[in-house]
Amino acid sequence: VNIDKGITVQITGEIATIFAGDYLNKLSGEAIERECKRQIKAGAKKLIVNFAQTEIVNSIGVSILLGIIDAASECGAEVVFSEVKEETKELFEMLGLTNHVSIV
Amino acid sequence: MAEQNMENQQKLVHTFGALAELGSEIVQKQSFQEMMRTSLHLLLGSLAIMRGGVARYSRFGHELNMLVLRGLGEEFPLNLSLCYEDERQFLANGLYPIEVSQAKALPFFQIYDVSFEKKHIELLIPLVIRDELVGVVILGEKANGEPYSTYDKDIICAMCRHIGVGIIQRNLMAELERRAEENRKLYEELKTTYADTVKAFAAAIDCKDKYTEGHSVRVGKYSEIIARELGYSENEVEGVAVAGYLHDVGKLTVERNIINAPYRINAKESAELNKHPSVGYEILLPIQHPYTDVPLAAKYHHERLDGRGYPEGLMDNEIPYIAKIVNLADSFDAMTTDRPYKRRRPANEVIEDLQRNSGKQFAPELVTAFLNGMLKELTGENKNKRFRRLLGREYMEVEGLIPLLKKVLNDINATTGLTLVGMD
């Protein structure tokens, strides 16, 4: 478990799980993106972004998630969103994020 | 159909949420860079655009300087040169997205087309605010892979208008800051010119009197020491110093043979010489000094607390404070420099004289401030060797001066209720 500015990350082999919490919707959410990029650089092949503690995702949150998707795709890593609330899932589908990630 | 309506509604809520946030972002007082980063996030996130950037247009350099970018990689140029034709076409287009197929006709695009194509740039939005090009927003592909719809473009325009206003606000602020800085520099230059003029005047005054060469300058410096010891602000200290430099300006009108008389002057000559404070006042009054009391210091620097001074024989509270400071500095210099008819007196005698006349000629708190300044220098508490430079090292380093200063300070303080000095 790695804690950086309140961001929790769980690493199991080549899988890194990042807990989005309620940081995603602010400029400080860029720290999540930086952590994801760090994990990819460190060799993670699969990034799981966990939304269990994320009530809603706004435009800033979407932009940060797009940054994670883009960075992962450049390195051939897979991105998975987990424990996504139904409303957020609909938003991701409507915006086309689900073209790039799978939701579990 | 109902599902489609629901999706459209959700889209509206999401994009209008972003638009509302962007509006409040622009008016919030945060750093410009943070504002731009948040704005780009909101723009990209509102329509799920994979990448993009915001550039500010520099009219002087004719280039677009990237302020923020996302997903464009490290190789993307941070400064893009424009030519007049690019600017003309951007202005003609106004704040509306230009498709990349149209943008290919722009001269600048032909230079950077590889970078644009590599990053799948699809739209360029000139930030034209009040007929002025303030920047350009560049946007890549949407996450859903679909082309930009008219609805998307309208949303982008609304958001880009906010971003453009944010840039123009920043430009205006930077211009204001630049002008304020320019004004500050001008003010500093004027102050320097004023100070130089004052010093030149002081030198001119002192030229008349070969025996008291440098007197005005020294009085200025002693006055400055007193003001500093009194805890005056930097501006007030400067004002007091100027008053010291110019206190004898009236002597310019007194005949040289009276000023330079190598004997005690007679009553008639004395009456002539004693006009110099009032004449000095008349000379200084019409000048717009940055410090208001300068003419008063010239007029009343020979007044005494006990009313035995001149030209008006004012009593303690009637004498302007600045004149009391200059009076002490003037008297101290008179006692510590050679005169045609009198050698300068040793430091211990001068200090005792100041004590004797404290409350009669000099304000006690000013004598205390002045002697405190001297004591601090002698004990090394103040590293500035002002007295040594003005009076000479040998004069200041005679034995017993420190204990004498402490005793005198305590005696004055005991009679006036001021703080006592340690005698160790």
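These numbers come from a predicted model, not from an experiment. For the numbers below, each heavy atom of this structure counts, side chains included, while hydrogens, waters and symmetry mates do not. Residue numbers start from 1 in every chain, and the chains themselves are labelled A, B, ... in the order their sequence lines are given, proteins ahead of strands.
Counting heavy atoms from C-beta on, the side chains of Val62(A) and His14(B) come closer than 4.5 Å.
At most 12 non-hydrogen atoms from other residues, nucleotides or ligands lie less than 6.0 angstrom from NZ of Lys45(A). Other residues, nucleotides and ligands place more than 12 heavy atoms under 6.0 Å from the NZ atom of Lys85(A). Within a 6.0 Å sphere centred on CD of Glu87(A), other residues, nucleotides and ligands contribute 12 heavy atoms or fewer. Surrounding CD of Glu188(B) are more than 12 heavy atoms belonging to other residues, nucleotides or ligands, all under 6.0 Å away. The environment of Glu34(B) atom CD is dense: over 12 non-hydrogen atoms of other residues, nucleotides or ligands sit within 6.0 angstrom. Around CZ of Arg130(B), the count of heavy atoms belonging to other residues, nucleotides or ligands within 6.0 Å does not exceed 12. Annotation: Lys89(A), atom NZ; neighbour count of heavy atoms from other residues, nucleotides and ligands within 6.0 Å does not exceed 12. The environment of CZ in Arg179(B) is sparse: at most 12 heavy-atom neighbours from other residues, nucleotides or ligands sit within 6.0 Å.
The CE atom of Met50(B) lies 7.5 Å from the CG atom of Leu97(A); values are rounded to the nearest 0.5 Å. Taken to the nearest 0.5 Å, the CG atom of Leu40(B) stands 11.0 Å off from the CD1 atom of Ile60(A). Atom-to-atom distance recorded for Lys119(B):NZ and Asp70(A):CG is 6.5 Å, nearest 0.5 angstrom. Taking CD from Glu30(A) and OG1 from Thr38(B), the interatomic distance works out to 7.5 Å, rounded to the nearest 0.5 Å.
With chain A as the partner, the residue from Arg51(B), Arg37(B), Glu146(B) showing the most heavy-atom pairs under 4.5 Å is Arg37(B).
Residues Ser46(B) and Leu95(A) come closest through the heavy atom pair O-CD2, 3.9 Å. Pairing each heavy atom of Leu42(B) with each of Ser59(A), the nearest pair is O-CB, 3.7 Å. Minimum interatomic distance between His41(B) and Ser63(A) (heavy atoms only, all atoms of both residues): ND1-OG, 2.7 Å.
In this structure, the portions of Ile64(A) lying under 4.5 Å from any heavy atom of chain B include both its backbone and its side chain. Heavy-atom distances place the backbone of Leu47(B), and not its side chain, under 4.5 Å from chain A. Looking at Asn99(A), the atoms closer than 4.5 Å to chain B (heavy atoms on both sides) all sit in the side chain, from C-beta outward. Using a 4.5 Å cut-off between heavy atoms, Arg70(B) contacts chain A through its side chain alone, with no backbone atom that close.
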